[in-house]
**Q** 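Handing you a structure now.
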Amino acid sequence: MWSLVKAVYNNTILTSNTEISAPVGFSYHCSENITFSNSSAAPVVEIARLQIQVFSIETPGVFDSAYDCTGFFTIAIWTGLLTALVLIGATVYGLMMLNNIQTFDLYDDPKGKPLTINLSE
């Protein structure tokens, strides 16, 4: 895994506002603005839609698969997973309750004649 810790611009050492790192063989891509600044001044360099690759460049000018700065789990994915888990939990709870239903046999006589119902037209 490689990472970009600092950059040099006009003999000034700059650090970024986000962590820039990717596995070896991948490029780093971010659609958001990435700001490079030094410790005491306002932003010095601001880059939009940054994509860089350090190692394993097979074809010059062509990036390998990108490691994106946005997370895999967005708010919509988390909401969908949470809703699905709640619904699955309610369904499992309901099935467990249905499975535990017992018939009321307090007045049932095991030695007596059982109740039979004949159906005829």
Side-chain angles (χ1 to χ4, degrees):
M1 181 131 198
W2 62 268
S3 64
L4 178 65
V5 178
K6 46 186 155 174
V8 178
Y9 178 72
N10 287 340
N11 293 325
T12 305
I13 296 175
L14 305 173
T15 57
S16 71
N17 60 343
T18 60
E19 180 185 358
I20 299 175
S21 63
V24 174
F26 283 81
S27 65
Y28 174 83
H29 175 263
C30 192
S31 299
E32 301 169 0
N33 290 344
I34 295 182
T35 304
F36 291 91
S37 61
N38 59 8
S39 60
S40 63
V44 177
V45 178
E46 188 171 33
I47 301 174
R49 296 182 303 278
L50 173 71
Q51 184 166 8
I52 58 174
Q53 182 171 350
V54 180
F55 302 113
S56 303
I57 301 172
E58 296 175 6
T59 307
V62 177
F63 290 107
D64 284 337
S65 298
Y67 186 78
D68 206 69
C69 65
T70 57
F72 180 74
F73 290 108
T74 61
I75 297 296
I77 292 174
W78 280 115
T79 304
L81 287 174
L82 182 64
T83 304
L85 286 174
V86 167
L87 291 175
I88 289 171
T91 302
V92 168
Y93 180 73
L95 289 173
M96 287 173 46
M97 293 296 111
L98 285 174
N99 194 30
N100 287 330
I101 291 178
Q102 296 178 357
T103 57
F104 186 66
D105 58 357
L106 179 65
Y107 300 108
D108 189 21
D109 185 13
K111 295 181 184 177
K113 184 177 175 185
L115 178 66
T116 59
I117 301 173
N118 294 327
L119 297 175
S120 62
E121 289 184 24

**Q** Decide whether Ile47 and Trp2 are clustered together by the hydrophobic rule: side chain heavy atoms of Ile, Leu, Val, Met, Phe, Trp, Tyr closer than 4.5 Å, transitively.
**A**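 Linked within one cluster.
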
**Q** Rounded to the nearest 0.5 Å, what separation is found between the CD1 atom of Ile34 and the CD1 atom of Ile52?
**A** 8.0 Å

**Q** Pair up each side-chain donor or acceptor in residues 3-14 with any protein partner under 3.5 Å, not counting sequence neighbours, and list the distances.
**A**
from, atom 1, to, atom 2, distance (Å)
Thr12, OG1, Asn10, O, 3.3

**Q** Atom CG in Leu95, atom CG in Asn99: separation rounded to 0.5 Å?
**A**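 Atom-to-atom, Leu95:CG and Asn99:CG are 8.5 Å apart.
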
**Q** Within a radius of less than 6.0 Å around CG of Leu82, do more than 12 heavy atoms belonging to other residues, nucleotides or ligands occur?
**A** yes

**Q** Above 12 or not: heavy atoms from other molecules or residues under 6.0 Å from CD of Glu32?
**A** no

**Q** In Å and rounded to the nearest 0.5 Å, what is the CZ to CE distance from Phe26 to Met1?
**A**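 One gets 10.0 Å once the value is rounded to the nearest 0.5 Å.
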
**Q** What are the two closest non-hydrogen atoms of Ser16 and Phe36, and how far apart are they?
**A** CB-CE2, 3.5 Å

**Q** So, taking the atom named OG1 in Thr83 and the one named CH2 in Trp78, what distance separates them when rounded to the nearest 0.5 Å?
**A** 13.0 Å

**Q** So does Met96 get a backbone contact from the side chain of Asn100, meaning a donor-acceptor N/O pair under 3.5 Å?
**A**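 Yes, Asn100 side chain to Met96 backbone: donor-acceptor pair under 3.5 Å.
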
**Q** To the nearest 0.5 angstrom, please state how far the OG atom of Ser65 sits from the NE2 atom of His29.
**A**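 That separation rounds to 13.0 Å.
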
**Q** Which value, rounded to the nearest 0.5 Å, describes the distance between Gln51 atom CD and Tyr28 atom OH?
**A** 11.0 Å

**Q** Same cluster or not: are Val45 and Leu50 linked, directly or through other Ile, Leu, Val, Met, Phe, Trp or Tyr residues, by side-chain heavy atoms under 4.5 angstrom apart?
**A**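 Linked, Val45 and Leu50 end up in one cluster.
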
**Q** At their closest point, which heavy atom of Asn33 faces which heavy atom of Ala48, and how far apart are they?
**A**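 Shortest heavy-atom contact: OD1-CB, 3.1 Å.
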
**Q** If you group Ile, Leu, Val, Met, Phe, Trp and Tyr whenever their side-chain heavy atoms sit less than 4.5 Å apart, what else falls in with Leu87?
**A**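 Taking Ile, Leu, Val, Met, Phe, Trp and Tyr as members, Leu87 stands alone, with no cluster partners.
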
